[in-house]
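I have placed the structure first, in the form of structure tokens, so that the comments after it can refer back to it.
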Amino acid sequence: MTTTREQGSDERVRHVLEFPGGYTRSTGPVIGRFLTGLRDGRLFGVRMPDGKVLVPPTEYDPRTAAVLGTADDDWVEVGPAGTVTTWTWIAEPRADHPLDRPFAWALIQPDGADTALLHAVDAGEREAMATGMRVHPTWRADRTGSIKDIAYFAPGDGPAEVPPSETDLEPVSMLTVPSRLEYRLRGGTVWNRFIDGMAVGQIRGTRCSTCGKVYVPPRGVCPADGLPATEWVDLPDTGVLTTFAVNNVPAAGAPEVPFVCGYVLLDGADIAMLVLISDVSWQEVRLGTRVKAVWVPEEERTRSVKNLKWFAPTGEPDVPFERYEEYV
Amino acid sequence: MTGFHGRRGVAVVAFAQSEHSFSDLGWTEADLVMPLVNEVLATTGLRRSEIGFTCSGSNDYLVGTPFSFVAALDTIGAWPPISESHVEQDAAWALYEAWVRIQHGDVDTALVYGFGKGTVGDYAGISSLSYDPYYIAPLMPGDIGMAGLQARALKDAGFDVDPDPTPPPATDGAAAVILAAADVARGVCPRPAWITGLDHRIEPHSVGARDLTRSASTRQAALRAGVSAGPVDFAELHTRFEHEEPLLRRELGLEEDTVVNASGGPRKADPIMATGLIRIGEAAARIHDGSARRTVAHATAGPCLQHNLVCVLEAGEEAGEAGED
């Protein structure tokens with residue numbers, strides 16, 4: 001997950017949600033067998049209890065939930081050519097679409113199948129598309145056992161050339177699906193006021209007018225009362241460490257291991273804040289330690305929570321547990 | 001045959017929705033939901049502590065923040081701890097869960113809310129990730145692409161529809177509803193909107209294994225909810241795309257003169273994950289304000305109307321008693 005601020009933008013930040021390497025999914029026996037077929041440049045369906053052929057196949061009959069595909073005899077090679085049963089034109093493809101030129105999504109019923117699979121049809125122009133038209137797959141050379149082993153379908157009966165691929169491979173049992181989503185986020189008034197404080201080295205919280213509790217980082221709503229909490233409170237950058245963890249697992253964006261993160265109850269706040277603890281060896285970190293914020297030098301500050309580097313022990317006597325146990 | 005005999009009478013007693021926005025105003029989930037929760041509480045005069053069960057519907061992918069649904073809990077005053085649940089679905093299904101919860105008999109009231117920020121993300125991408133992860137999601141067809149397949153199929157089947165669907169405006173918004181069992185409902189609402197039928201049905205997730213010119217799940221849910229047991233004054237349908245209305249009208253068995261989406265419907269505002277709940281709220285509001293005696297609400301989820309919920313709402317003492325044991 002990464003978030004970057006765009007210079008000169010209307011204060012919206014680009015936020016990317018991405019899982020490096022993608023999600024890994026086991027295929028199970030039926031989907032795995034179909035994907036193995038795709039890797040070999042062949043299309044297979046599976047017979048349902050009513051005798052009809054399901055493509056793409058699933059482990060269970062969509063109508064009766066009967067288990068499908070357990071016997072070799074249940075498997076039927078279909079297509080590779082087929083008929084478009086419905087379609088829709090995509091005039092402006094996305095970067096993550098199968099084609100970088102206008103194309104159609106279509107449900108395609110391969111010859112010998114009774115259901116249809118979704119794929120792209122490279123018809124060139126919208127006028128070339130029609131329900132009932134014949135199409136055939138265009139296979140990729142580098143096939144891995146994925147629905148994308150079919151690059152797209154092309155108009156006509158084919159022949160569907162199958163570029164040779166590696167042989168003697170294990171059947172497909174896993175699938176890796178990369179995914180990436182982009183967002184444009186705006187901070188909102190509560191967040192912006194908090195960040196404005198952080199820009200000048202001031203931690204700000206909000207107080208609930210009903211119960212009087214002070215929340216930091218601030219929230220616009222008191223979570224206990226469900227009512228607005230919008231009275232602003234400037235808080236000192238000192239407090240007590242209520243609990244902590246020593247981290248030994250390296251992670252992208254995290255400090256060098258071992259590092260300590262902990263909850264600090266700022267003086268005057270009613271909720272502890274998750275922060276880094278440093279300038280102390282991890283063996284010496286204790287619950288009840290008095291701590292103070294360490295800020296980046298004034299001339300290096302930006303409008304960011306990163307101005308607050310970490311909290312460090314002040315050397316004052318430890319706070320007795322009874323004084324902060326409600327916040328642990 | 002509604003299947004409702006022997007069930008507790010339950011009514012929608014309050015409904016509120018946000019002033020939906022078509023651009024990101026920087027509102028958090030809590031900002032969206034809090035005024036509505038306070039509004040429905042004020043409408044009914046119920047205190048937070050009198051709510052027996054709380055259920056919400058939302059989708060964390062909309063804003064790309066894990067557990068964003070937890071952030072919305074700030075708005076309901078969840079301390080001391082409350083009985084609460086969440087569905088990663090349109091909040092119409094949260095309402096269904098709340099209705100089932102009230103059937104248990106030990107709680108009489110439920111707060112239901114849903115919220116969505118459609119303006120900050122890429123809904124074609126987000127919707128694709130909710131489809132079949134092996135066969136469909138890798139292709140990233142998106143909600144509009146999938147809708148296009150159904151629109152073309154309907155056009156080919158003789159429906160007078162545009163085969164090239166346009167999406168509703170990306171919307172930020174929220175909605176909240178309070179449900180109450182019979183005795184409580186009469187005490188907090190002058191004209192309770194009694195739920196006299198409620199059912200939801202789902203179809204296979206493989207779109208190529210379905211007949212896209214029909215909506216068998218809507219038809220079945222409508223039958224079980226008893227839509228045809230009386231005249232329908234207003235219907236609020238979860239039609240994100242125009243071509244869905246004639247199909248749903250047919251499958252629900254609505255008469256020609258039934259007014260559909262008098263509120264403007266999802267084509268005017270589509271706060272995803274609240275859009276379906278708003279249909280129930282709007283259908284209930286027509287009963288609350290006296291403009292209707294019997295209304296129908298519909299909510300949908302999944303590609304090409306895969307999963308459909310149908311709710312029948314009625315005015316009058318008789319409707320409230322019909323469901324009681």
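We name chains A, B, ... by the order of the sequence lines, and we start the count at 1 in each one.
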Interchain contact, [X] with chain A, by part (heavy-atom threshold 4.5 Å):
| X | value |
| --- | --- |
| B:V120 | both |
| B:D24 | both |
| B:L41 | neither |

If you count heavy-atom pairs under 4.5 Å with chain B, which of [options] comes out on top?
| options | answer |
| --- | --- |
| A:I108, A:D225, A:T189 | A:D225 |
| A:S146, A:P98, A:A116, A:P62 | A:A116 |
| A:R63, A:K52, A:H119 | A:H119 |
| A:P228, A:G187, A:A104 | A:P228 |
| A:T85, A:I31, A:L118, A:L117 | A:I31 |

Over all heavy atoms of both residues, which pair between [X] and [Y] is shortest? Give the atoms and the distance, please.
| X | Y | answer |
| --- | --- | --- |
| B:H86 | B:S58 | NE2-OG, 2.8 Å |
| A:D196 | A:R303 | OD1-NE, 2.8 Å |
| A:A272 | A:Y327 | CB-O, 4.5 Å |
| B:M140 | A:W105 | O-CZ2, 3.9 Å |

Between A:R14 and A:E182, is there a salt bridge with N-O shorter than 4.0 Å?
yes
What I want to find out is whether B:D270 reaches B:R240 closely enough, with some N-O distance under 4.0 Å, to be called a salt bridge. yes
If you measure only the distance, is there a donor-acceptor pair under 3.5 Å linking the side chains of [X] and [Y]?
| X | Y | answer |
| --- | --- | --- |
| B:D156 | A:T131 | yes |
| B:S215 | B:R201 | no |
| B:S217 | B:H307 | no |

- Message: Could you check whether any side-chain N or O of B:N38 sits under 3.5 Å from a backbone N or O of A:L227, counting only pairs where one atom can act as donor and the other as acceptor?
- Response: no
Note to self: If we ignore hydrogens and angles and just use 3.5 Å, is the side chain of A:T115 paired with the main-chain N or O of A:V55 as donor and acceptor?
What the structure shows: yes
Rounded to the nearest 0.5 Å, how far does [atom2] of [Y] lie from [atom1] of [X]?
| X | Y | atom1 | atom2 | result |
| --- | --- | --- | --- | --- |
| B:L62 | B:D122 | CG | CG | 11.0 Å |
| B:L111 | B:I51 | CG | CD1 | 5.5 Å |
| A:D149 | A:T144 | CG | OG1 | 4.5 Å |

With a 4.5 angstrom heavy-atom cut-off, is it the side chain or the backbone of [X] that approaches chain B, or both, or neither?
| X | answer |
| --- | --- |
| A:L107 | both |
| A:L181 | side chain |
| A:Y23 | side chain |
| A:R94 | side chain |
| A:A106 | backbone |
| A:P93 | neither |

Using a 4.5 angstrom heavy-atom cutoff, name the option from [options] with the most pairs to chain A.
| options | answer |
| --- | --- |
| B:Y61, B:Y134, B:W27 | B:Y134 |
| B:L73, B:I76, B:I126 | B:I126 |
| B:P133, B:A137, B:A151, B:P204 | B:P133 |
| B:I136, B:L129, B:T119 | B:L129 |
| B:I144, B:V33, B:V63, B:D132 | B:V63 |

So the salt bridge (Lys or Arg N to Asp or Glu O under 4.0 Å) pairs with at least one residue in residues 27-48 of chain B (sequence neighbours excluded) are none
Among residues 44-51 of chain A, those lying within the under-4.5 Å heavy-atom range of chain B are none
Those residues of residues 172-180 of chain A that come under 4.5 Å of chain B on a heavy-atom basis, listed by number, are A:L175, A:V177, A:S179
Exercise. Take A:D270 and A:R207 through the salt bridge (charged side-chain N to carboxylate O under 4.0 Å, His left out) test and state the conclusion after the steps.
Key: CA-CA 9 Å; A:D270 289 287; A:R207 178 183 281 127; over 6 Å; no
Salt bridge (Lys or Arg N to Asp or Glu O under 4.0 Å) filter on B:R210, not counting sequence neighbours, yields B:E203
**Study point:** Heavy-atom neighbours of B:F159 CZ exceed 12 at 6.0 Å
**Key:** yes
- Hey, would you say the B:Y135 and A:F34 ring centroids sit under 6.0 Å apart? yes
